[in-house]
Amino acid sequence: CVEYGLSEEEMAVRIRLARHGTTNRPFYRIVAANSQSPRDGRYIELLGTYDALQDPAVVALKPERIKYWLSVGAKASDTVKSIFKRHMQD
């Protein structure tokens, strides 16, 4: 937290996609990361994966950890919110 000039209470956590894979073959990790970290940079915790190239898309989630991060104030990106709506049971 010190490297961003924020205290522990001010650190904004986002649940977002981190792109991996090769050129034209994207594969995404759903991660909890500091909002100021780069898109594919360091993250706090891996919460799942999303492979849009499969038909239908393959999604693996850790629902208990996702609920934890949302309960402590993490905000999900718009894309991740739509993935949660389609693939989480609750």
Side-chain angles (χ1 to χ4, degrees):
C1 294
V2 175
E3 64 191 82
Y4 296 108
L6 300 172
S7 69
E8 195 67 36
E9 299 81 37
E10 295 171 328
M11 191 169 87
V13 176
R14 298 288 304 215
I15 299 175
R16 63 183 182 206
L17 296 176
R19 189 182 194 275
H20 293 276
T22 62
T23 306
N24 298 323
R25 303 286 303 165
F27 178 82
Y28 299 93
R29 291 180 177 169
I30 300 169
V31 298
N34 184 316
S35 64
Q36 296 180 343
S37 293
R39 178 194 71 184
D40 300 334
R42 194 160 105 194
Y43 57 86
I44 301 167
E45 184 176 358
L46 176 65
L47 302 175
T49 59
Y50 174 63
D51 187 357
L53 294 179
Q54 303 292 322
D55 189 25
V58 177
V59 178
L61 299 173
K62 297 179 183 176
E64 64 285 342
R65 296 305 297 162
I66 292 167
K67 288 175 186 168
Y68 165 76
W69 280 108
L70 292 173
S71 72
V72 296
K75 300 216 180 335
S77 69
D78 293 338
T79 304
V80 171
K81 279 183 197 174
S82 71
I83 291 171
F84 289 169
K85 280 183 185 176
R86 284 183 275 143
H87 298 283
M88 283 187 66
Q89 274 61 27
D90 291 342

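Both backbone and side-chain heavy atoms feed into the values below; hydrogens, waters and symmetry mates do not. Numbering of residues begins at 1 and proceeds along the displayed sequence.
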A side-chain contact here means heavy atoms from C-beta on lying under 4.5 Å apart; do [X] and [Y] qualify?
{"X": "Ile30", "Y": "Thr49", "result": "no"}
{"X": "Leu53", "Y": "Arg25", "result": "yes"}
{"X": "Phe84", "Y": "Ile66", "result": "yes"}
{"X": "Tyr28", "Y": "Pro26", "result": "yes"}
{"X": "Ile44", "Y": "Val31", "result": "no"}
{"X": "Arg29", "Y": "Tyr43", "result": "yes"}
{"X": "Arg16", "Y": "Ser37", "result": "yes"}
{"X": "Arg65", "Y": "Glu45", "result": "yes"}

Can you check whether Lys62's main-chain N or O pairs, donor with acceptor, with Lys67's side chain at less than 3.5 Å?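 Such a contact is absent between Lys67 side chain and Lys62 backbone.
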What's the separation between atom OG1 in Thr79 and atom NZ in Lys81, rounded to the nearest 0.5 Å?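 Interatomic distance, Thr79 OG1 to Lys81 NZ, rounded to 0.5 Å: 10.5 Å.
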Would a hydrophobic clustering, with Ile, Leu, Val, Met, Phe, Trp and Tyr connected at side-chain separations under 4.5 Å, put [X] with [Y]?
{"X": "Leu61", "Y": "Leu17", "result": "yes"}
{"X": "Val59", "Y": "Leu70", "result": "yes"}
{"X": "Ile15", "Y": "Met88", "result": "yes"}

Minimum heavy-atom distance between Val13 and Ala32, given as atom pair plus value: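 In terms of heavy atoms, the two residues are closest at CG1-CB, 4.1 Å.
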Heavy-atom pair of closest approach, residues Ala52 and Ala57: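 What the structure gives for the nearest pair is CA-CB, 4.1 Å.
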Please say whether more than 12 non-hydrogen atoms of neighbouring residues, nucleotides or ligands are located less than 6.0 Å from CZ in Arg19.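 Yes, enclosed.
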